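Following: one structure in structure tokens, then a few remarks.
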Amino acid sequence: MAETRTELQGPFGSQKSWDKSLEAPLLDYWDSIKVSSFDPRSKKPVFVIDTPPPYPSGKLHVGSASHYALIDMIARTARMLGREVLFPLGIDRNGLPVELFTEKKYGVSMRTTPREKFLELCSTALDGLEADMLQTFRTMGLSADFANKYRTDAESYRILTQATFIEQWKKGRIYIGTRPSNYCIDCGTTIADAEIEYREIPTKLVYFSFKVSGDPEEHVPIASTRPELICTCQAVIVNPEDERYKSLVGKKAVLPFYDREVPVVAHNSAKPEFGTGAVMVCSYGDYNDALLFRELALEEIIAIGLDGRMKPVAGEGLEGLTVKAARKAMIEKLQQAGLVSKIDEIAHRTPMCERSKTPIEIIPLEEYYLKVLDIKDTLNRLAHELKFHPEMHRIILLNWLEVALDWPITRRRFYGTEVPVWYCSKCRTPFIPEPGTYYKPWKEAPPGTPRCQKCGSDEFTGDTRTFDTWMDSSVSSLYITKYLSDVSFHERTYPAQIRPQGKDIIRTWLHYSILRCWQITGKLPWSDVWITGWGLDERGEKMSKSKGNITEPLPLIQKYGAENFRLWAASEVSTGSDYVTSEQKIAGAGKFLTKLWNIARFISGIPRPSVEPEYENLAPSDRWILAELSKLTEECLEGYMDYNFFIPANKIRDFTWNTFAAHYIELAKGRSYGQGFSEEEKLSAQYTLHECLKTLLLLLAPVSPFITETIWLAIYSKKSIHLELFPDFKRFSQEPLKSGKALLDFNGLVWNEKKSKGLSLKEPVSIPVPDELVEFAKDLKVMHNIT
Ligand SMILES: [Zn+2]
Ligand SMILES: [Zn+2]
């Protein structure tokens with residue numbers, strides 16, 4: 001058998017340890033060989049990733065960076081499983097956070113800046129944020145299709161959003177409704193239930209009383225957190241079982257200061273144990289009020305304007321005040337009138353705008369709604385059909401579907417996809433244009449010369465609103481598969497295989513994507529969804545801008561290298577679980593890379609047989625490690641198939657360090673040099689060392705693309721490792737595994753013996769090799785210098 005000595009290429013020969021400076025040139029190399037390009041005509045099965053388009057509303061944080069590092073591993077895994085991979089990269093550029101960022105950055109206010117000007121500022125602000133984000137992604141080694149990156153504010157994307165709206169309108173899936181809506185005063189817009197978070201806010205629970213009409217001795221004690229809304233009260237409810245108030249039911253209570261009478265009604269939603277047990281029903285203090293107004297057919301009185309200030313109906317002293325100031329003023333008024341019996345400080349569970357952290361008000365507004373309620377059974381079925389990685393997060397979607405209502409999709413904001421509707425100036429009948437064009441009704445006339453269907457007028461006014469940004473991102477899987485623009489591409493790529501996303505947007509992005517894509521295509525947009533948990537700060541707290549505990553990833557990546565960052569992310573993050581960010585651990589990931597580098601340098605110095613020996617002719621130690629290697633391969637592939645990179649990252653590290661380097665290399669080293677062994681035995685060791693290293697590189701390639709590529713190109717091939725397939729775990733018999741434990745135990749015994757006698761590892765020792773290890777005796781004697 002001929003021996004071929006490997007010619008070392010590039011930096012591998014001279015570099016003593018892995019160095020992050022080796023990363024950047026590989027990025028250009030991968031571009032040049034088009035590792036990440038997608039060929040729709042390929043014969044391979046396609047694999048499409050509905051990559052989350054990141055939202056640039058400030059600096060990227062370390063949790064997002066590790067999220068994308070793991071998504072990159074999904075793409076690389078699929079390639080090594082023989083798939084033609086579409087790994088798109090989009091930037092989500094619509095919506096409120098961008099507007100808020102722009103207002104802050106340029107010191108302007110959206111409502112007082114000309115709309116055209118404001119849109120320009122948003123776009124410029126986004127360009128800067130986007131560039132930072134892309135630089136981080138590229139530095140990390142993201143193998144996404146950067147060349148074809150897309151933006152959700154591009155004309156082609158907005159055409160898609162508008163077209164899907166128009167299609168659904170025509171099918172009767174969208175309606176206009178005026179109903180009590182979640183309204184954020186700071187954002188100046190309606191928001192969906194899914195965008196609300198609840199916080200415990202310190203609040204005053206004020207106890208005061210209403211007189212009872214026609215009975216000067218009687219009164220109704222009320223406890224309320226919203227006394228500023230007394231002017232909107234239309235009823236008082238008490239629980240029918242509440243003995244204290246039975247005599248009041250059917251009587252009228254008199255509102256102080258407003259001298260209006262409202263009925264006292266028995267209703268089960270009044271809780272005797274809360275406050276006084278009697279509740280004033282106002283339009284609208286909370287959701288329950290909204291339900292009661294509808295149920296009791298009360299006429300709503302709206303006291304809070306869209307500017308967040310009290311309307312004239314609130315009366316003297318309150319009119320024009322903010323809600324907060326009005327509340328304070330009303331408490332003082334009640335106190336001065338001697339009506340307050342006590343004030344409790346309570347922690348009140350308050351609905352807040354998720355974006356601006358403002359308490360939301362419930363105000364009736366006319367919005368467009370996408371129907372959800374009448375297809376809940378279907379959504380539920382789809383939620384069960386989708387494969388979840390990990391399974392535990394399916395329940396978040398199922399729970400949300402139980403309470404989800406029709407989705408208000410219009411927003412009173414600027415930087416978003418325009419609602420493509422005009423209204424007849426005479427009778428308000430909507431005019432909806434044909435899909436396929438980008439419409440801006442706030443500044444353009446309707447296309448063609450339409451006439452109102454109802455009254456024949458030719459005068460129209462454009463809608464000035466935009467869509468909820470989830471209307472855009474919920475059709476990302478249609479956009480990336482070219483739903484409107486390329487029929488054959490769409491047929492080849494839709495449904496996609498996987499939607500990777502964070503667990504915090506299950507009720508928004510996941511829910512809305514299933515809803516929208518199913519409505520449009522009648523299919524689930526993907527077969528699998530892969531959900532990550534939260535990246536927590538070093539103390540285990542969720543990172544957020546308001547807490548100021550966000551760590552930026554780029555400085556960390558530049559300091560320690562992308563490979564450290566990626567290996568840390570894979571080793572630390574088990575799919576779906578939260579994980580703690582630790583700079584120390586990111587730094588520490590380098591130890592394994594150095595270990596691997598040193599092993600590769602050692603093995604690169606061993607000649608590699610040009611012909612693979614017959615398995616039967618391999619030495620027993622070699623068959624044992626190849627069995628271990630097969631087991632490792634099987635376990636890693638299981639992890640990869642479930643997109644759980646925690647498994648391969650940790651198994652490979654453990655195997656390389658604790659089995660391969662600690663035991664096998666020591667066992668085979670002497671033989672690979674041929675010291676006192678036959679030619680066949682020597683070649684067996686040489687072959688096996690290389691086989692193990694080669695397999696380890698292939699198995700680690702999706703997690704650590706830089707170091708594996710560098711070693712691979714230096715020793716094994718002129719072709720990139722990222723164009724290779726995973727090894728087959730069935731190549732070697734598992735039979736020799738049974739000797740493993742005895743072998744490891746015996747090595748441990750010898751090492752301990754030498755240590756206790758103060759001998760170095762190289763010094764001779766006299767310990768009998770046990771009978772069960774007789775076939776390994778020759779290797780063991782050389783390894784331990786047993787005499
Ligand atoms: Zn808000
Ligand atoms: Zn009309």
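Fair warning: this is a prediction, and the values are worked out from it, not measured in the lab. Whatever order the structure lists them in is the order used to number ligands and atoms, beginning at 1.
Phe101 does not carry Arg355 over the face of its six-membered ring by the limits of under 6.0 Å from the centre and within 45° of the normal. Judged by a 6.0 Å distance limit and a 45° cone about the ring axis, Arg179 is positioned over the six-membered ring of Tyr369.
Between the Zn ion (ligand 1) and Thr189 there is no N/O/S contact shorter than 2.8 Å.
Listed here is the closest heavy atom pair of Pro88 and Thr51: O-OG1, 2.6 Å.
Expressed to the nearest 10°, the angle at the Zn ion (ligand 2) joining SG in Cys424 with SG in Cys427 is 110°. Geometry at the Zn ion (ligand 1): SG/Cys353 and SG/Cys184 form an angle of 120°, nearest 10 degrees.
We find that Asp468 and Arg411 are joined by a salt bridge, their nearest charged nitrogen and carboxylate oxygen being less than 4.0 Å apart.
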